[in-house]
Structures are given as C-alpha cells and as structure tokens.
Trainee: 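Before I ask anything, let me first share the structure, which is written out below as structure tokens.
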Amino acid sequence: MDKILEALVSSSHPLTVKRAIVKKVMEAAEKEVTEEQCQALYHLTTRLILQGEDAFQRQVGLQVQEAYARYHRDEFARFFSKEFVLGLLQQGYGSLDCRDPAILDFLHSSLRLLISCPAVLELAPLLQTEVLRIICERPEPATCAKLATILTDFPQCVPREKAGVLFCQQLVRTFAYFNCPATEERELREYVTQVTRVSVLLQGIWKAEPATLLPSLQEVFAIISSTDPSFEPSIALASLVQHIPLQMITVLIKSLTTDQNVKDASMTQALCRMIDWLSWPLANHVDTWVIALLKGLAAVQKFTILIDVTLLKIEQVCELWFLVVPQIVPLVKSLKNDGLPNSKTFLLQFAELVHCMMYQYSGFPDLYDSILESIKELPKPNEEKIKFFLNQSAWTSQSNSFASGLLKITGKSETGKTGLVNLGNTCYMNSIIQILFMATDFRRHVMSLHLNGSNTLMKKLQLLFAFLAHTQRAAYSPRSFLEGSRPPWFTAGSQQDCSEYLRFLLDRLHEEEKTLSAFLVTSPKPEPATTSAETLNNAASQPVADSQSPLHPEPVAAKGDGRTLVERMFGGRLSTAIRCLQCHSLSEKEEPFTDLSLAFCPSMSKCHGPNDEHKSSSSVGPCQGAVNGGSESSEGSVKEGAGTRMERPVVEPTLSVPDLVDYFLAPEILENENCYFCERCASLQRAEKVMQVVAAPEYLILTLLRFSYDATCHVRRKILDNVGIPLHMSLPLRQHGISVTSSSSDSPESGENLAKKLKPSQKEDGMTENRTNSESNDSDSEMLSVPYVLSSVVVHSGMSSESGHYYSYGRNVSNTDGYVAHPSSKSLESSSLSESSTASQEEMGCADHKSTDWFLFNDSRVTFTNSESLRNVTGRFPKDTAYVLIYRKQEVSGQQSNPGPVVNGSRLSGEPPLQKELMDAITKDNKLFLQEQELNARARALQATSASCSFRPNGSDDNEPPGSCGPSGGGGGGGFNTISRLVF
C-alpha cells in the first residue's frame, strides 16, 4: 500500500485521479492491515508531512496518517515512540532542523491522534524535559506559541514541581527576548496572537501550580529592573500583568518598596518600563499596578525615585491633564445646568482643582482661556492655598519646570506652521528659533545664502528654517541645531535663560561670518567655478570669490560697510556721553548693540513725567536684574511685593515698553561713590551720563529684566508687573548734521551686549555740549522718531529664572508693514515716548493687520491667536509675562530701507527659492514621514482589532479592567501612535 501511495503522489496523473485513488487508500484503513504495512505507511506519511514537495503531498500525508492511526492506534503508538520523539526534538528530521516549526506541528498533530492512549503518559516525562530545554534556548515567539499550544492541550507535558518553577522563570526570561521587526499588519496581528498564547499558558500554570507565581513575578522584576544598557527587555512582558491576581497588589508592592536589596536605580528602571507597557494593546491592569507602585513608593518616602521617573516619563504621566482639558468646559456647563446640590458642591471643589492644575502647568493660554471663562463666577483659591494643595502629596518643592513638550500633535497644525519638539527643557531654544523664523527679512536673507555642503552654524540655522517652512511634520526635532548652538556653560536637560541663549546665538553667527570675511580679504582670488561649500569646511585651503561668499548672497560692496548679516538685521549703535558738571567737557563713545536690556525703575510713579526731580546714584540702587548669571540688582530695585504675590486685580498696565525705553535712555547723575574722573579737571567730579541711539537696527530686540536678586532672602525673584506691549512704537534716534559712521571696528567693546545699570534723572538747564579736545553745538544734531511695529514676543511662565516655561507669539512683519512714517524732528527735551503717541500710531497701523494674524508657538503646538490675547496674557495669567520682544523697523519716507536678499542678480521681495540641497533633505524626510504615518495607521488598526479579541481569564481575576491611564489616546506620545513602540 505504501509503494502505491508513494508512486501515486509523485506521478503526473491529474489531481482528480490522484484524489480518487487516495480516497481508496484511506478506505482500506478500515480493513485489517499488518503491522509491517502500518509502519511503512506511517514512515511514508511522516516524510510527506515534513518534507512534501507541495501542499498536495503534505495534505495526503496528514489525511492518510490520521485515517490509519484512528483504526490502528496501537501500531501508531509503537511508531511514535520515545526514541522517535527525542530524535525529532533534538536532531530534526532529514533536512529539517529541530527548531523548524513544522516539527512542533507534527508533534502536536501526532499527540492528538494518541489523546486517549496511555502512550501520552509515557511520553510526558520526556516532553517535560525537552520543553524546558527548548525554552532555555530562547526560541522565537512563533516556536514559543506552538509549544504553548501543545502544553495547553496536553497539560500533563508541563514540567512539575521544581522543574515547573524553573520552566516558568525561563519562559518569563524568554518573553524578554521577544522581538517583532514586522511592518505588515498581518504579521503584527500574528505576533500579538503568539504573545497572547504564551501568556495564557503561564496563567494556566499559575492557577494550577500557585507556587510558581511568586518566582515568576520575581523574575519579571529582575528583568525590568536591569540597568544593563546592552539589554532592553521586550514590551511583550506587559501581557503577563493582566494575569496577575489583583488581590496580590498590596503584598507585592509592600515587598518591593521595603526590600533593602532593591536599589533606587533598579526601581526607577522598572517603573519606567512599566509605564512603557501602557502602549501594549492588551495591557490590562498595567495602569493599576503603576499607580499602586507610585503610591507605595510615596508611602515609604522614596521621592527621589518618583522624581526621576516623572522627569524621564513625563509625557506618559503628565499629559493626562492635557487629555482632560478639552472636557472641562462641557463638564462645568453640565454641572451648572443639572441644579443638584451635590453637583454644586462638586463644582466648587472641581474649580479649585482646575485652578491648581493650571497653576502647576502654566504656559498654555490658548488652552486655558475658555476654561477661565467657564469658571469665572466660581471662587478662585489664592496662591497660598494653591501651593498648599499642590504640596500635600508633592514629591518635591521645586516649581514645575517640565510642562513643556507635553502636547504632541498627530497632524499638521491648521495654521500651516511647524512646531519644535522639546528635547528636554529646551523651550528656551524653541521660542527663540520661532521668533527668529518669524523675523521675515532675516529669514529670507538666511534662506538665500549659498551654503551647500558646509557645516557651519549658519548652515544649521538655514536647514532648520527650511524644515520649519516646508516639512510635512507637525513638529520638527531641532537636535542637530541644539548640539551646535548650545552655549558650553549650559547644562543639558536643565532650564536656561532664553535671552542669554539669543545673545550667544547671534554672537556666534556674527563671529562666524566675520572670520570668513577676514579670510576672504587675505585669500587669493579663486577661479570662477570655485564653490563656497568647501570654504566653510576648510577656509585655509579653499578660496571663495567675493561675489559668491557663502555668508553674503550679495556682494559686500552692495552695503558699502562690510557688516555681517547679524549686524545688518539686529545691529544698532548706542552713544554714551559723559559731561562734567564742573567744566562742561564732554567725553563720548559709541558702542554696537544687538539688544537693549530694559530695567524696571524703582518707583513706577517716577518713571513717567519729564519734570521729575534729579535722583542721585547714591540714593537709588541699581534697578537692573538679569537671568542666569547676568548682573543682579538689590532688593530695592523691585517694587514692594513684586514677584512675591500672584493674586491681584486684573487692571490695565500702568507701565509700557516705551516707558522702559525712556527710562533706559534717561540721563543719569554720577555723584558720590560714582563720581566721574574728569581729565580736564584732573579730579573726581559730578557728571551727567546720557545714552542715545545713533543707529537704529532693522529688528529691535528688547529684553525686560524681570529677575532681581533679593539680598534679604538671598533668592532671585521675578518681577510680575504687567507691562503694556504696544503694537507700534517709536525709538528716539539722534542724527547729526554729519552722519555718524556705522563702523564698529574702532570700538574696543565691539560685540559686547549693552546692559547698563541706569538711574533716572533730568538734564540741568543751560547745559552745553563740549567734546574732549573739541566742541560741538546742539544745532548739529536733532532727534528723529524711528517707527517700529511689533513682530514677536517670548513669554516666560513661572515664578523664577531657574524654572518655568517659555512660549512665544509671532507674526510675519516686513519693513513696509503697518504704516509709512514721515521723519519728525524732536528736541532732546521732548524725546520721551508717550502713551498717547503710541496709541495714535496703533490706530494708524492696526488696520493693516488682521486680528488673527498672530501665531502662538508652544513647542510642538502651534495655534492661531490675536494681538489682544498677547497684550492681555499677564492680566489673565499673572505668572506669564513678556520677556523678550522683537520690533521691526518700518519704512520712513525719504530714507532708504534695508533691501531684501539678492539671488541670481535679482532682489527678492518674497520668499527665496529653495536650494537643491535643502529641497533634497526635506523631500527625503517627508517621504520618511509618510512611511511612518502608514505604519501608524496599520498599528492603530491592529490595536482596535486586538482589543476586540483580548483574552479575559476566568476565575477571581477576570473582572473588567479599570480605565487605563496610559497615553494611548489623544495623540500623545506612546501607544500605537508611535511606530517605535512596535519594536518590542
């Protein structure tokens, strides 16, 4: 019979003929057959099953073997002996390796044919040993799933007692090595199914042998608490948690948190990985265990672990608040409308909690506006009560410094703008990048530079600007730019001062271009075909033609002064004149500046009027503070109580940016300890110092010095005064009869930022100007009012300079936006900027801009906003104060404005064309992004289908799982929203 069958399956007869003959062979199994014929048929069918050339041969082998084993079971039991099974599992079959899944499939089908036969019991000890050996070899998930199916159907083959404990531990260890490199939906589904089968096997063993549960859980903790950087356990371990009885939570958590042998680093690692488990599609009860472990650690006051985990996994832990935010307004309306007494009580408590959360996670005015409107009629807790609530179960007293980067947007913002990913307290950098990008003319100049192949900071900025303009991602990760632009004294991962970063960045760009320009002057003239990319990489060996300088898209002579791009866009000049009040001699020098640091005056009421009495430097302390290492002022420089209280009525600001500019430029009397040494008098004399702007920058950067040093408490306090931010303002500019040169090469202080400790005073009557060794007349100079329009603002949210959050407002403004002003002369006595003039300017220019042409940049999040929201932000959120402002100079009739960039001989008034290298980089990344989106869509589909077929065990732990607090919803980080989570 076996010869006939073997010849038949390898013949060329039609399949219909073959099937008919096979049917006859199977029917013959009901008749009496000799043992020799049975053995020959079993060997043949085994070979067909395991080594059949096609599906037909394998199917014939299965059908014939099943037919003959049914009627001749004893003969099949003798064929399927211990020696035969051992050979299959250790040596394989023919060309098949022993690890081939077909071996386990054959083993399973053969055992099913002997299911009620004593032979299975005889094979059980052998199989118990072999499955333990196989598991110790760390097989693939597919092999483990087939073994799990065999052991589930034949529980007598599961190792027992000590071997059973070892088997469970090794199976848990094997879980840790599971990996799924698949990208197709079908493969992902299959992988999840395989993991589920193995976890169900473990659950069955734990129920049948309770003694195996605790050692298994100890093994799980040992794996996930490993600090070995070369080993990252699979997230598939999450599937085991749903099978752990919830009744064991209290005992296990207490054991873990009080065990002295568990190091803090190990516990931190374990908790972080458990939080990662929340993204597993069938991770039931994981949230319950995470919360229980957090509470257990808090109970034993292991706050260091909790702080570390919070900082490492803040996206998963804290973004829950932002998932709740959209539901708050509907909930408040519902509670107001139902009229139940309980609802009213709950609403009061809920409003307090909402105020606490908005205080803790400040810096999101666009999200909180509607919430504040909905609860404005309810009592608001004061700052002391809020801090009490937050500190009741606080793990640390430090202020929240990691609210940034919590919101991840899955799709491109409706604004069309691109956000920036927070790379760990890098909101200071993100806010600065966005306001520089919104500086339209500066951006166009940067984008028009020829920097192909270079590795300079300007090239990194150009690439970053290109991605912000053209990427399809909702938020771009500026990691390369961060590494290239971070000041060396900045600690990675900690909050920094955005104004200090801005100064460092502009100085680096300026010095970089100046170095290259110096090289171009001393280099021989290159061939016309020479490219500029190599020059930036090796300036010592590769000359560059002046007309193709990588940092000058136009010939240097076009401007006539050889200034760098930073100088042309942000550079101004400030004249400092000191007049001796004894001999009236005048000493004057000019210095360049890229920003003006505006101090708050000691007394608000004394900052406005032009007829105030003189204030000597001995009676008034310094009033300028700085952030993170800058000059610091005494306590007297801050208004009484400013920076210590947050609760105060929302009123119109009594101080405005023009007031602070006036105060910056106000004359100062030098006397007593600050007397001036007059060379003509050859002694210390009372003198007056006057500062005047003599060259106005295209972009005026103003930094409000909001942080002052409290000498009493030895802390740095924030000045929370609400400062009015006009959309239009004017800067007083002194213009001589003979124009002042803009060259900065003669000044030894060139490149230094000007930050002066100023004291308010007024000019004495009858004063005349006298230069040292020369004299000039007041008639040789006049004051012009240079118009500026607001371009962008960086807002600091928080109570100290070492913590908090930065976000920014911005809009596209060029030098012709707003209005065209006519030059107006002013005397020195009337150079102060008044609120009325500012208001009139706003009336002239506000019609040129829509109320919604502003954008709010908050790391990854970009939304539409308006100027009203910007100017009222401190009134609504007292911790959110304007810090860095950029104003764009407007075109003045009769004066030549700064021209736009030149590309291919043509001057651009719009965005420059994207260069090929930048276009290639963006196209490549956009393709990668589309591939990621496709994988994400498949992963979400898998998650949805997996949830519908999730296993729910019977018994005491088969309750419905509580609502997960994981980040799988709302477009946040983690879950199957991120394809990296699929690499288990």
Side-chain angles (χ1 to χ4, degrees), residues 148 168 171-172 175-176 178 191-208 210 212-225 233-257 267 269-299 306 309 313 316-317 319-320 323 942-970 972 974-976 981 984:
C168 289
L171 188 55
V172 168
F175 252 97
F178 282 1
Y191 174 71
V192 173
T193 303
Q194 292 165 355
V195 172
T196 303
R197 285 179 185 171
V198 183
S199 66
V200 169
L201 169 66
L202 268 175
Q203 183 205 20
I205 297 175
W206 291 342
K207 285 187 175 182
T212 61
L213 177 57
L214 189 57
S216 299
L217 298 182
Q218 291 172 341
E219 189 70 18
V220 171
F221 184 78
I223 293 169
I224 65 175
S225 62
S234 170
I235 199 173
L237 284 166
S239 63
L240 300 180
V241 178
Q242 62 184 326
H243 303 309
I244 304 174
L246 294 178
Q247 298 90 327
M248 298 186 64
I249 285 184
T250 304
V251 176
L252 291 177
I253 296 300
K254 184 176 181 180
S255 174
L256 285 175
T257 55
M267 182 63 76
Q269 189 70 270
L271 191 50
C272 287
R273 284 170 173 154
M274 289 180 68
I275 293 173
D276 288 337
W277 287 356
L278 293 169
S279 64
W280 179 256
L282 304 180
N284 297 328
H285 303 331
V286 172
D287 53 339
T288 304
W289 283 92
V290 169
I291 293 173
L293 187 53
L294 291 172
K295 290 182 176 179
L297 291 170
L306 296 173
V309 171
K313 295 296 176 181
Q316 285 88 338
V317 175
E319 74 172 358
L320 298 175
L323 299 179
L942 171 63
Q943 184 181 22
T945 55
S946 298
S948 63
C949 60
S950 60
F951 176 81
R952 284 180 171 76
N954 297 322
S956 60
D957 58 337
D958 62 349
N959 297 325
E960 290 291 328
S964 172
C965 65
S968 58
F976 271 71
R981 296 295 189 190
F984 299 101

Trainee: Walk me through it: do Met274 and Val241 pass the test side chain to side chain contact (heavy atoms under 4.5 Å, CB included)?
Mentor: CA-CA 10 Å; Met274 289 180 68; Val241 178; 5.9 Å; no
Trainee: Only one of Leu297, Ile291, Leu293 passes side-chain contact (heavy atoms from CB on, under 4.5 Å) with Lys295; say which it is.
Mentor: Ile291
Trainee: What are the two closest heavy atoms between Ile224 and Arg273, and how far apart are they?
Mentor: O-NH1, 2.9 Å
Trainee: Between Trp289 and Ile244, is there a side-chain heavy-atom distance shorter than 4.5 Å?
Mentor: yes
Trainee: Is any side-chain heavy atom of Cys168 closer than 4.5 Å to a side-chain heavy atom of Leu202?
Mentor: yes
Trainee: If you look at every heavy atom in Val309 and Cys272, which pair is closest and at what distance?
Mentor: CG2-SG, 4.1 Å
Trainee: Under the side-chain hydrogen bond (donor to acceptor under 3.5 Å, both in side chains) test, which residues partner Thr257, sequence neighbours left out?
Mentor: none
Trainee: What closest approach, in Å, do Val198 and Ala148 show between heavy atoms, and which atom pair accounts for it?
Mentor: CA-CB, 4.0 Å
Trainee: Could you check if a side-chain atom of Leu237 sits within less than 4.5 angstrom of a side-chain atom of Phe178, using non-hydrogen atoms only?
Mentor: no
Trainee: What's the separation between atom CG in Leu214 and atom OG in Ser255, rounded to the nearest 0.5 Å?
Mentor: 7.5 Å
Trainee: So, taking the atom named OG1 in Thr196 and the one named CD in Gln203, what distance separates them when rounded to the nearest 0.5 Å?
Mentor: 11.5 Å
Trainee: CZ/Phe175 to OG/Ser199 distance, rounded to the nearest 0.5 angstrom?
Mentor: 5.0 Å
Trainee: Taking only residues two or more places apart in sequence, or in another chain, which ones meet Arg197 in a side-chain hydrogen bond (donor to acceptor under 3.5 Å, both in side chains)?
Mentor: none
Trainee: Measuring from Leu271:CG to Leu256:CG, what's the distance to the nearest 0.5 Å?
Mentor: 10.5 Å
Trainee: Determine the minimum heavy-atom distance between Ile253 and Gly296, stating which atoms define it.
Mentor: CG2-CA, 3.9 Å
Trainee: About how many Å separate CG of Leu217 and CD of Glu219, when rounded to the nearest 0.5 Å?
Mentor: 10.5 Å
Trainee: So, for Gln242 and His285, which heavy atoms are closest and what is the spacing to 0.1 Å?
Mentor: O-CD2, 3.7 Å
Trainee: Would you mind reporting whether Val195 and Ser234 have side-chain heavy atoms less than 4.5 Å apart?
Mentor: no
Trainee: Can you sort out the partners of Gln269 under side-chain hydrogen bond (donor to acceptor under 3.5 Å, both in side chains), two or more places apart, ordered by chain and number?
Mentor: none
Trainee: Can you find a pair of side-chain heavy atoms, one from Phe221 and one from Leu252, that are under 4.5 Å apart?
Mentor: no
Trainee: Of all the heavy-atom pairs spanning Leu240 and Trp206, show the shortest one and how long it is.
Mentor: O-CZ3, 4.1 Å
